**Q** 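Take this structure, written in structure tokens, and hold onto it; I'll ask about it next.
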Amino acid sequence: MAIIKNVNAKKSLGQNFLIDSNVIQKIYDSLDVNPNDLIIEIGPGMGSLTTKLKEKKANLICYEIDNDLKIYLNNLEDAKTKIIYQDILKSNIKDDIKNIKYDKLYIVGNLPYYITTAIIKYLINSNLNIFTMLFMVQDEVADRFTAKPKCKDYSSITLFLNYYFNVSKLFSVSKKCFKPIPKVESAIIKFIQRDNKPNINKEEYFKLINDSFKMKRKTLKNNLINYDFNKIKEVLYKYNFDENVRAEELNEKVFVDIVNNLK
Ligand code: SAM
């Protein structure tokens with residue numbers, strides 16, 4: 001069922017508004033939020049998801065870059081709901097939520113696709129102790145974030161995100177559920193905080209995975225020419241890989257062993 005009739009969308013801000021109440025309900029049902037929790041919504045747009053999220057009765061802080069949407073959003077504000085008109089990438093979330101008492105932090109949004117990865121990295125690097133994130137993203141981005149080793153979509157961003165969260169694709173969303181209709185299909189992905197993160201030096205690990213996937217066609221050895229490859233080889237042999245292996249064949253456990261063996 002379409003719930004928004006006339007839309008004046010700004011393409012440059014990734015404005016494709018969700019107009020399907022079934023999808024909104026499914027997003028709502030995928031969130032086990034309690035009234036003592038805090039939800040941050042990114043890009044509330046015309047407020048279709050925001051209105052539904054308010055039913056959770058949790059504290060709700062929304063970041064919207066487009067001041068022109070105030071006419072739709074202003075009347076959603078109340079004691080527990082606040083809209084901040086700001087670029088999420090320039091926000092200081094820690095500061096904005098410092099006076100709110102809450103149990104768990106949820107971050108939700110039908111993201112502007114032109115900056116999906118930038119937003120997720122920004123949130124992770126903000127050190128917020130995020131319990132769960134639930135985002136609408138481009139379908140192929142969802143595949144990249146949830147890819148398994150040996151798949152073409154498996155890359156350093158997969159390993160980066162999966163270090164912090166258990167990431168899963170919940171369901172696909174047809175382009176017909178938006179107005180205006182986007183060019184791409186979409187999907188809902190959920191990130192649940194991991195409590196069994198590998199015990200490693202994060203910076204060294206992220207540098208290793210970035211370097212390992214630098215040139216996808218190259219072997220691991222050719223991507224890691226500045227590393228002590230004899231030490232890497234020891235780990236590869238332990239897992240029955242030969243030295244011409246490519247990064248996309250190695251799972252997190254192997255990369256963790258490599259980074260620890262390089263010390
Ligand atoms: N949540 C609404 C919905 O589902 O209909 C709108 C989703 S629309 C795909 C993305 C929203 O993000 C738009 O409202 C857009 O103005 C907003 N947006 C784009 N860039 C942003 C940024 N850097 N910071 C905050 N909001 C942004």
Side-chain angles (χ1 to χ4, degrees), residues 1-31 33 38-78 80-91 93 96-97 105-123 130 132-139 141-142 170-191:
M1 186 179 66
I3 52 172
I4 293 173
K5 289 198 184 83
N6 300 313
V7 178
N8 193 4
K10 292 177 185 149
K11 229 177 164 180
S12 63
L13 294 178
Q15 291 181 351
N16 297 94
F17 300 104
L18 191 52
I19 56 161
D20 188 295
S21 55
N22 293 325
V23 175
I24 292 171
Q25 182 67 44
K26 274 173 88 175
I27 295 173
Y28 179 89
D29 293 340
S30 307
L31 289 163
V33 174
L38 169 62
I39 308 176
I40 291 177
E41 187 192 356
I42 299 176
M46 297 168 87
S48 54
L49 182 57
T50 321
T51 305
K52 190 73 192 164
L53 290 174
K54 282 183 66 160
E55 291 178 23
K56 296 279 187 193
K57 308 240 181 291
N59 282 294
L60 176 59
I61 305 272
C62 308
Y63 290 91
E64 174 54 64
I65 198 172
D66 186 0
N67 279 299
D68 290 347
L69 295 170
K70 277 186 180 168
I71 46 163
Y72 304 99
L73 296 172
N74 271 354
N75 63 352
L76 295 178
E77 292 202 77
D78 59 27
K80 289 191 98 174
T81 305
K82 190 175 169 199
I83 319 279
I84 299 176
Y85 293 93
Q86 196 182 11
D87 180 346
I88 184 69
L89 299 177
K90 295 191 178 133
S91 62
I93 303 176
D96 293 337
I97 65 176
L105 174 61
Y106 291 74
I107 307 190
V108 178
N110 171 14
L111 294 183
Y113 293 172
Y114 71 109
I115 43 170
T116 298
T117 305
I119 290 177
I120 295 174
K121 283 189 172 170
Y122 185 78
L123 295 171
I130 305 162
T132 292
M133 302 196 286
L134 190 120
F135 294 131
M136 176 90 72
V137 300
Q138 199 176 320
D139 195 47
V141 171
L170 298 192
F171 54 91
S172 299
V173 179
S174 159
K175 46 172 113 166
K176 291 188 198 130
C177 299
F178 300 89
K179 201 166 181 174
I181 296 176
K183 289 203 178 81
V184 293
E185 297 293 335
S186 299
I188 293 290
I189 45 167
K190 192 170 191 177
F191 299 70

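This structure is a prediction, so every number in the text was calculated from the model and none was measured. Residue numbers count from 1 along this sequence.
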**Q** Please answer whether the main-chain N or O of Gly45 pairs with a side-chain N or O of Glu64 as donor and acceptor at a distance below 3.5 Å.
**A**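 Confirmed, Glu64 side chain pairs with Gly45 backbone.
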
**Q** Any non-hydrogen side-chain atom of Gln25 less than 4.5 Å from a side-chain atom of Asp29?
**A**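 They are in side-chain contact.
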
**Q** Please test Tyr106 against Met133 for side chain to side chain contact (heavy atoms under 4.5 Å, CB included), starting from the C-alpha separation and ending with a verdict.
**A** CA-CA 6 Å; Tyr106 291 74; Met133 302 196 286; over 6 Å; no

**Q** Taking the side chain from Lys190 and the backbone from Ser30, do they hold a donor-acceptor pair closer than 3.5 Å?
**A**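 Side chain of Lys190 to backbone of Ser30, a donor-acceptor pair under 3.5 Å: yes, one is there.
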
**Q** Atom CE of Met46 and atom CG of Asn8: how far apart are they, to the nearest 0.5 Å?
**A**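 Met46 CE to Asn8 CG: 8.5 Å, rounded to 0.5 Å.
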
**Q** Does Lys52, at its NZ atom, have more than 12 non-hydrogen atoms belonging to other residues, nucleotides or ligands within less than 6.0 Å?
**A**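 Atom NZ in Lys52 is packed in, count exceeds 12.
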
**Q** Strictly distance-based, threshold 3.5 Å: is any side-chain N or O of Gln86 a donor or acceptor partner for the main-chain N or O of Ile88?
**A**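 Not a single qualifying donor-acceptor pair exists.
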
**Q** Of the non-hydrogen atoms in Asp139 and Ser172, which two are nearest, and what is the gap between them?
**A**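 Looking at all heavy atoms of both residues, the closest pair is OD1-OG, 3.9 Å.
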
**Q** State whether Asp20 and Lys176 are salt-bridged, where the test is any N-O pair (Lys NZ or Arg NE/NH1/NH2 against Asp/Glu carboxylate O) under 4.0 Å.
**A**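 Salt bridge flag = no for Lys176 with Asp20.
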
**Q** Working to the nearest 0.5 Å, report the span between CG of Asn16 and NZ of Lys183.
**A**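 Between atom CG of Asn16 and atom NZ of Lys183 there are 9.5 Å.
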
**Q** List the steps, then state whether side chain to side chain contact (heavy atoms under 4.5 Å, CB included) holds for Met136 with Phe178.
**A** CA-CA 12 Å; Met136 176 90 72; Phe178 300 89; 3.7 Å; yes

**Q** Measure the CD1-CG distance between Ile97 and Leu105 for me, rounded to the nearest 0.5 Å.
**A**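 Here the interatomic distance stands at 5.5 Å.
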
**Q** Output the distance between atom CD1 (Ile39) and atom CG (Leu60), rounded to the nearest 0.5 Å.
**A**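 Interatomic distance, Ile39 CD1 to Leu60 CG, rounded to 0.5 Å: 5.5 Å.
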
**Q** What's the shortest heavy-atom distance between Val23 and Phe171, and which atoms?
**A**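 It is CG1-CE1, 4.4 Å.
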
**Q** Looking at every heavy atom in both Leu89 and Ile119, which two are closest together, and how far apart are they?
**A**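 Heavy-atom minimum between the residues: CD2-CA, 3.8 Å.
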
**Q** As an exercise, state the distance from CG of Asn75 to NZ of Lys70, rounded to the nearest 0.5 Å.
**A**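 The distance works out to 13.5 Å.
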
**Q** Check whether any side-chain N or O of Asp87 sits under 3.5 Å from a backbone N or O of Ile65 as a donor-acceptor pair, and report yes or no.
**A**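 No; zero donor-acceptor contacts below 3.5 Å.
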
**Q** Quick check against the 3.5 Å criterion: does Tyr113 have a side-chain atom that pairs as donor or acceptor with the backbone of Val184?
**A**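 Not confirmed, Tyr113 side chain does not pair with Val184 backbone.
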
**Q** Under the 3.5 angstrom rule, does the side chain of Glu41 hit a backbone N or O of Cys62 as a donor-acceptor pair?
**A**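 Not confirmed, Glu41 side chain does not pair with Cys62 backbone.
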
**Q** Is the side chain of Gln138 donor-acceptor paired with the backbone N or O of Ser186 at a distance under 3.5 Å, no angle test?
**A**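 No; judged by distance alone, with no hydrogens or angles, the pair does not exist.
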
**Q** With respect to Phe135, which candidate in Val108, Leu123, Thr116, Ile27 satisfies the side chain to side chain contact (heavy atoms under 4.5 Å, CB included) definition?
**A**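 Running side chain to side chain contact (heavy atoms under 4.5 Å, CB included) over Val108, Leu123, Thr116, Ile27 with Phe135 returns exactly one hit, Leu123.
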
**Q** Could you tell me whether the side chain of Ile40 reaches within less than 4.5 Å of the side chain of Ile93, counting heavy atoms only?
**A**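 Yes, side chains in contact.
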
**Q** Decide salt bridge (Lys or Arg N to Asp or Glu O under 4.0 Å) for Asp68 and Lys10; before the verdict, give the C-alpha distance in whole Å, the side-chain angles of both, and the deciding distance to 0.1 Å.
**A** CA-CA 10 Å; Asp68 290 347; Lys10 292 177 185 149; 2.6 Å; yes

**Q** Tyr122 and Lys90: which non-hydrogen atoms are nearest, and at how many Å?
**A**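 Closest approach of Tyr122 to Lys90: OH-C, 4.0 Å.
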
**Q** Given side chains that start at C-beta, do those of Leu31 and Leu53 come closer than 4.5 Å, heavy atoms only?
**A**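 Yes. Closest side-chain heavy atoms under 4.5 Å.
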
**Q** Any side-chain heavy atom of Leu69 within less than 4.5 Å of one from Gln15?
**A**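 Leu69 vs Gln15: side chains touch.
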
**Q** Can Lys54 and Asp78 be counted as an ion pair, charged N to O under 4.0 angstrom?
**A**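 Salt bridge: yes.
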
**Q** Check whether any side-chain N or O of Lys179 sits under 3.5 Å from a backbone N or O of Ile19 as a donor-acceptor pair, and report yes or no.
**A**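 No; zero donor-acceptor contacts below 3.5 Å.
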
**Q** How many angstroms lie between CD1 in Ile120 and CD1 in Ile189, if you round to the nearest 0.5 Å?
**A**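 Here the rounded value is 5.0 Å.
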
**Q** Which is it for Ile83 and Asn74 under the side chain to side chain contact (heavy atoms under 4.5 Å, CB included) test, yes or no, and what are the steps along the way?
**A** CA-CA 8 Å; Ile83 319 279; Asn74 271 354; 5.7 Å; no

**Q** Going through the checks in order, is the side chain to side chain contact (heavy atoms under 4.5 Å, CB included) test met by Ile84 and Ile61?
**A** CA-CA 7 Å; Ile84 299 176; Ile61 305 272; 3.7 Å; yes

